[in-house]
Amino acid sequence: MKDFAYHKAPDLKSVQQLLTEFAEHALPVAGGSNVMVDIRNGRLNDRELIGISDIAELQGLRFSRGKIIIGAATKISEIAVSQLLAAKAPALWMAAQVFADPIIRNSATVGGNLAYASPAADLAPPLLALNADLLLLKKGGKRKLPLADFFLGVNHTALEPGELIASVEFAANARSAFYKLGLRNAMAISIATAAAAVKRVRDGSISEIRLAMGSVAPRPVRCLHAEQFLLGKQALHIDPEALAQALVWDISPIDDIRASAVYRRAMAPVLMQRAIARACGGCADEVFAGKKSADEGRAGA
Amino acid sequence: MGSRILLSDFAYLAPTTLAEALQILAEKQAVKILAGGTDLLLRMKLGTISHVDYVMDIKHIKELNYACLCDEKQCGSTANGAFCIGPTATLNQIAKNGDLSRLFPAQREAILAMAATSVRNRGTMAGNICNASPVADSAIPAICYGAALTLQSRRGKRIVALEDFFRGPGETELEKDEMLVNIALPVPPADSGAAFIKKSRVKPDIAKISLGVFIERDGTLIKRCRIAMGSVAPLPLYVQKISEGLAGLEMNEQLIAKTAQMVKAALKPISDLRTNQEYRRAISSVLVEEGLRLAWRNAGGELK
Amino acid sequence: MTTLKSSNFRLVGERVPRHDAWAKAKGEQLYSADWALPGMLHGKVLRSKYPAAILRAIDTSRAKALPGVRAVLTAADVPHNRDVTKFGQMRDVGAGFEGLYKVLAEVGGKIRFKGEAIALVAADSEELAERACALIEVDYEPQEGVFDPREAILDNAYLVSSEDASNVIMRTRVEQGDLEQAWEKCHLIVENDYYTSPHEHAYLETESGSGWPDENGGITLRVGTQVLEHYRTIAKVLGLPHTKLRNMSVPMGGGFGGKEDITVETYLALLVKATGKPVKMVWSREESIEAHSKRHPMYLHYKTGVDRDGFILAQEVSIVMDGGGHTYLTPWVQMYATINGSGCYNIANLRCESVSAFTNNTFSSANRGFGVPQVNFCYERQMDCIARRLGISPYELRRKNLLRNGDPLATGFVPLGHVALDQLLQQTWDKLNQTPKPERLPDGRKVGRGIACGMMGYGRLCFLHDISRIGIRIELDGSVTLRAGVPDLGGGQSSVLAQIVAEELGLGIEDVRPLIMDTHMTPLCGTTTATRQLYMSGNACLAAVQPLKERLARKAAAIIRDNQWPQNPATGYIWRPDIEHILGHLVFADKKIYYGPDPGKNVDFVAVVAHVSNEGGELFSEGQFNAPFTEVPDLNNIKGQILPDMTYTCHGVEVAVDEATGDYQVLRIVAAIDCGKAVNRNSVEGQLEGGTAYNLGWLREDLAWEQGITRANSFATYLIPTAADVPDIETIIVESRGGLGPYGAKGVGEPSDNSIAPAIVNAIADATGLEFNTPLIKPETLYLALQNERN
Amino acid sequence: MSGTLQISLKINGESRVLHTAAHSSLLNLLRDNGYFDVKCGCEQGDCGACTVLLDGIAVKSCVILAMNCDGHEVRTIKGLGGHDRLTSRLQKAFVEHGAIQCGFCTPGMIIAAGDYLRHDGRADREQIRRAMSGNLCRCTGYQKIIDAVYEVAAELESEVCG
Amino acid sequence: MSKHLIHLTVNGKEHELTVASNELLLNVLRDRLYLTGSKYGCGVGDCGACSILHGDESVLSCLVLAVEADGWDITTVEGLADGDQLNPVQQAFLDNSAVQCGFCVPGMVITSTALLRENDDPSEAEIKDYLRGNYCRCTGYVAMIKSVMDAAAKMRGE
């Protein structure tokens, strides 16, 4: 028999208290789109559910001194309509645009997407590319952890028992973008995703770059080799073969119901190239109409 | 007020010991004792009972459920023992008891004349008595047999004769903190007899008029006689003066006729939805005559 | 007031809001699962874990011991665990069309597909029922199984069924002319192998319903179904007379053929009988996908020969159909596929052979199109291959070969209705090519355009002797009660009947109230399958309303004649025409009955009703319509009329292909159909748009079958088109008045999802040069094909 | 899904005190208490038939934890119909455009459309298609649904800046 | 209003219910357990239509607080038959067409069953006396009395 308990956590103090008290058994629930499905299919059982959807401190999106701070319980719909993010962190904004569907975005949260740590978590690659840090809260203390060190494996993170993601923080970066390949235009768990944050010098060559991909490894990954390879290269004229070779070290795709490993490996450079192109804000036409992020037009308007 | 639901808002208490029950009666206000409930719940539904805050169910007090011949220790009654009835003993439980049927035939008859099986499976004699209806069928023969009630409160016990227990319709000797804990029917002497007659519109209905007679015979003389009647006065009536007047007299038809007329003259019945006072007065003498004859015969006497 | 002619319609042809639309918009419509009865138990089915196995033993003791469990049933508890599958036909047809129907798997017998029902549980809560199922111990002896029909028909193949000697369900053939001789004359012969993938209905409402015991041993069900007549089979299974198993059915949240077989009804009835309590059963989405029918996967071989000018001289088709674990409607679907194998073209020499076989995959049965979309995909792909090889336009090749009025079908029978194929092709091609086709989109994607025609029957197989009955009662306030057992799965089946009656009696649709879908309280209209309801029940409506209309008209004529002609002031004489004259000019409109030439002379509808009622005239009528009756043809050489008539379609499509990722998107769709007469314009367009999106989805929806296991068994993995995946659909509605239905209407439900799938794949071929021989094209498929072509 | 936890929330304007299980979804809570206008098609956040308003925002009630809604407000289509002018206009448009066939997706579809019109609402067919992409429909092919929402969006736009 | 958790065994099925102190057993059986066989006829113990079996005794469920019935083993009319097999009294009522409107029959059959458990050879008078608390307005009781006689005989194996 499914036995769960429920505890309402109206504020940070109470959620920390509850998380410490129940440790591994504790399961914070803000939106619930992943948790509820796992409860229904039996993957989750006898847990202490902790309702954190009403904690004000975990909500909201702030921009101060070049830094963007997003509360873990912030709804993804807020990200998708934020003019601030469209300008200051287009990678995250684009990902939010194509996240599941508008109704799910009204309840799914940023922290929930990251904490569930699906290899296909759409918000992870852009945040990795934006070099985001997580603020993790625990009774009697908090710590900052780079997102890159947060994902350990499929549905496996560095969260210690009693710990909660409070917020995610990253420096604004207008030159960032995201590209998703899915089987349909909504509610499609990604076949593969790519995010890029690019800084170019006057002659167009890449001076600083961060790349990340989803659905191509047990966890969302930074593509360090590809980054190394691209330093100094022309952002808009990348040799796809060479990029593919570099990416071989970064990704380890598998066959699943959505696509084969071969296809994912072949798509990696293609998506990466498009993400970089978008990040450079270069050739608009390169941004395929079908896959163009939904509101991009509006963002500009 | 309809009979579909109980509108009154009360707490239900279920003490498991008599001490607990008596404490409740002492401390709380507006407590109603629930035994069978066939009267209490009915009157609560129809709103004829005023404000009730607590309903105290005494059926969980095991020690109160008995109906048997018992020795002195248990109920402190007269020398040669008595048939004792606990407050939660149901009417059918009492009527089915062998000793009672043997020693108190009129009592059994009165009980079986009450309502119907399903009611008697729940209703209690104590409840019937405490309900203090002028027509309490079970009280009429009990008065004749000289029943004695034990009333108890935290302050102590006291014994009250059944005929002195009633003060008026629905009114009894019970103090606020007291409850009836025992009914003792003294075992009648050898050559004695009793009778119970009930007239009602339909069998299960409450009596239009009822009569109980108990005679202790000494040869052809009436050693002791007790006559009681229901539904002829504000309370079950023990016709004391006339009954005591018969002591020592020769039993014969003239005495029977004279007594009947005396009783008839003494009565001041009322009219109600069951019948009118003229009928009650007219019938009363007929019942007395019949009752005396029957009781005398049951006492082994003959009539010329 | 100009003269009123009875020929111009008031409601027919308009965009009439359906009578049940408001209830559905307000959320008041209660479906099969929207019902709770006091003390209701919850039913669950224990389903086989293996696609192929021998059922050695079942131990239900631990399940029965679980507190709160009220019944655990296996095949041994079913009075008649075996019967034959029937689909509302009025007589047994034989010739293999009635396959075995086994309620629960029997110990000692074979499990035939993963998900086959083994045991039933009823418990106080859904969770308890679920746990009880888990406590039932089943001793399986897994078997190798067979998952490809082409292997299944071989002699040494694994036998799927423990009740049959061979896996072959049925063989059939249609033949015309002299093929061997025709091949010599061919300038070009194109041969291709095709595979059409299984296709899930994915109606939004999963199978569900409830049932409860009646006072005197009867059982009433409340289960939405496309075939009310299943009550006969269920009664037999329970050992009850037909009178004691009633389905007080309700509209469905979609059916598409998937609710044509029995779903929850028998299980509910058995659990109600066992517990004597109301029982409710609702299948989860996963259970629905694994446990109900699919569109038949087919392996087809097409060999088509054309002469130098592009006229088709010969076509040879051979089809192997995957019937899955049980027979159900496979033989019936096979008939449709075989007689439609050579398509909507005038081909003198043709042969189409088909064989269907059991496999250990989920069983196949009806799915919108009933076997025709599969063959339609193939022959329309053949046409494009031929056109490309001959170097002529696909439009031109089709225009040369399309069937026209008077041309015989493959079975030699000349269709009774109008054939509008050339008109549809022309209008679609013109609309598709209104604007010049760009080579590429600004974002670099390659553009392609494609076109395809389609032909599909409406009305059931004629040898079923199909009928429909409707009851109409005119109320004394002038409103009308329409009683019809018409199962409404969302196609507006009941609403169109109300519209027809309203049209005939000059009322508004809101004045006619359809009471529908009760096996014993409404006359049976036959099944809602085979796109037959408008044709069959529409005509039955006319048959029912006609006598009433005449009775009212005759009374109205009398009233008008006697009271509404002026007196000659001079002579005091009143000239009055005779009744017959007036009768000829009466018009029913706006709740009145008018004398056409002088509309001033009229009488209120309700007044006429009062008069008729006053004189004891009958205000009730029941009408029946019979389809053409034939006998079961020789299955080795199918000849004659198989279906009442055909409906023709054409789809034009423009796609954009992202060559780098293989992802393609449909930019434009032109959908054309000859509906004979659009009784409710919104509904015709709705079917055409819905059918188009339904089989547009066929190209992306992958059940991912693997050795009989359905890997994509949820809405997270089985992806149907969302609103963002379907472009605007430009519809072309041709009204040839050449249908057999009321006002010359044709059926459009199933025909609507033909020709769209091949049109898209033809467009992809136009964009990329790649010839795909299956509708299932995922981005990966297209990408890998592009890669192969490059190397 | 009965249970022992007490939950109090406002449903369609009426304060309700109900009982549920710790892990029950808002959808189960609603349907177990007779709100049959909220439909269930997949129970995992894909089909959108269970869409309701939670504190005025459209959510898929099958993936919302019921207990998280304690003290909050829920509106189902039946609680919006008479009450909310925008919903009534959408209902009328859906009926008139023939955007309703089997009707199983309609309650969720109308609530999703209302959510879009209340927040973004531009009369742009592509935009509307993306807004409705969380609500699956198998009967209509979406065409007339988009027409209906477009019509109301256009009316609103003309009213706003008309 | 105090609330009480009670356990009832009704027709063999256990129930755990929270009842208000003023809730009557008849209403709990009808409105909470949906056993609508027991009927409300008068609410004051006169008509017998609400009779149920408490163990082997016939009791008027309209004059019993639900909380009093905690722990009872109750049989209602729905529990008398064993599947399709009616109990002898029910069968006799059918055979003697003692059922007209049928509203009193649940109470009548329950009380008769109690009688036959108490007395396997009741005289006509005894039956009449025993059933005097069960009103019937349609049949005039004749066929019912005969039915109880027949049932008694059958149960004695005659």
Side-chain angles (χ1 to χ4, degrees), chain A residues 1-10 27-41 44-54 73 75 77-78 80-81 97-108 112 184-189 289-290 292-295 297-298 301, chain D residues 1 3-7 20-28 40 42-72 108-109 111-116 119-120 122 124 126-136:
Chain A
M1 188 69 120
K2 290 181 180 153
D3 44 44
F4 288 86
Y6 176 83
H7 312 274
K8 184 77 181 181
L27 183 62
V29 181
S33 28
N34 289 317
V35 168
M36 293 304 290
V37 173
D38 276 1
I39 289 176
R40 179 174 162 265
N41 59 32
L44 274 176
N45 207 344
D46 49 65
R47 299 294 290 268
E48 306 287 334
L49 302 176
I50 300 170
I52 60 172
S53 50
D54 290 348
K75 304 292 194 297
S77 53
E78 265 179 68
V81 297
Q97 292 286 316
V98 292
F99 186 94
D101 66 271
I103 309 298
I104 283 290
R105 295 200 287 268
N106 282 342
S107 60
R184 62 182 176 188
N185 295 337
M187 296 193 285
I189 297 172
K292 181 157 73 82
S293 67
D295 287 342
R298 201 166 59 75
Chain D
M1 186 163 320
T4 51
L5 290 181
Q6 180 168 303
I7 177 171
T20 186
H23 60 290
S24 165
S25 66
L26 175 59
L27 172 65
N28 285 339
C40 170
C42 72
E43 269 190 299
Q44 55 176 33
D46 286 302
C47 72
C50 68
T51 305
V52 295
L53 288 188
L54 178 60
D55 301 329
I57 302 290
V59 293
K60 298 192 179 183
S61 56
C62 67
V63 284
I64 299 288
L65 188 59
M67 283 307 290
N68 268 357
C69 305
D70 191 40
H72 288 264
M109 210 57 96
I111 290 180
D115 193 57
Y116 169 70
H119 296 95
D120 175 339
R122 276 182 312 107
D124 167 313
E126 275 315 307
Q127 193 72 347
I128 293 171
R129 281 188 178 281
R130 269 190 292 279
M132 309 300 291
S133 61
N135 295 66
L136 295 180

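Each chain gets a letter, A, B and so on, in the order its sequence line appears, and its residues count up from 1.
Only the side chain of D/His72 comes within contact range of chain A, with at least one heavy atom under 4.5 Å from a heavy atom of that chain. Only the backbone of A/Ala30 comes within contact range of chain D, judged by heavy atoms closer than 4.5 Å. Interface remark: A/Asp54 contributes side-chain atoms only to the contact with chain D (heavy atom separation under 4.5 Å). For D/Cys69, no part lies under 4.5 angstrom from a heavy atom of chain A. With a threshold of 4.5 angstrom between heavy atoms, A/Ile103 approaches chain D through its backbone and through its side chain.
Minimum heavy-atom separation, D/Met67 to A/Lys8: O-NZ, 4.4 Å. A pairwise comparison of heavy atoms in D/Ile64 and A/Met36 identifies O-CE, 3.9 Å as the closest pair. A/Pro102 approaches D/Gly134 most closely through the heavy-atom pair CD-N, 4.3 Å. In terms of heavy-atom proximity, D/Ala22 sits nearest to A/Leu49 at O-CD1, 3.6 Å.
Within residues 50-58 of chain D, the residues having any heavy atom less than 4.5 Å from a heavy atom of chain A are, in residue-number order, D/Thr51, D/Ile57, D/Ala58.
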>> Does D/Leu65 form a side-chain contact (heavy atoms from CB on, under 4.5 Å) with A/Val35? I'd like the steps, not just the answer.
In response: CA-CA 9 Å; D/Leu65 188 59; A/Val35 168; over 6 Å; no
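In this structure A/Phe4 satisfies the ring-ring contact (aromatic ring centres under 6.0 Å, His included) test together with D/His23, sequence neighbours excluded. The ring-ring contact (aromatic ring centres under 6.0 Å, His included) test applied to A/His7 returns A/Phe22, not counting sequence neighbours. Checked against side-chain hydrogen bond (donor to acceptor under 3.5 Å, both in side chains), D/Asn68 has the following partners two or more places apart in sequence or in another chain: A/Tyr6.
Top candidate by heavy-atom pairs under 4.5 Å with chain A, chosen from D/Met132, D/Lys60, D/Arg129, D/Gln44, is D/Lys60.
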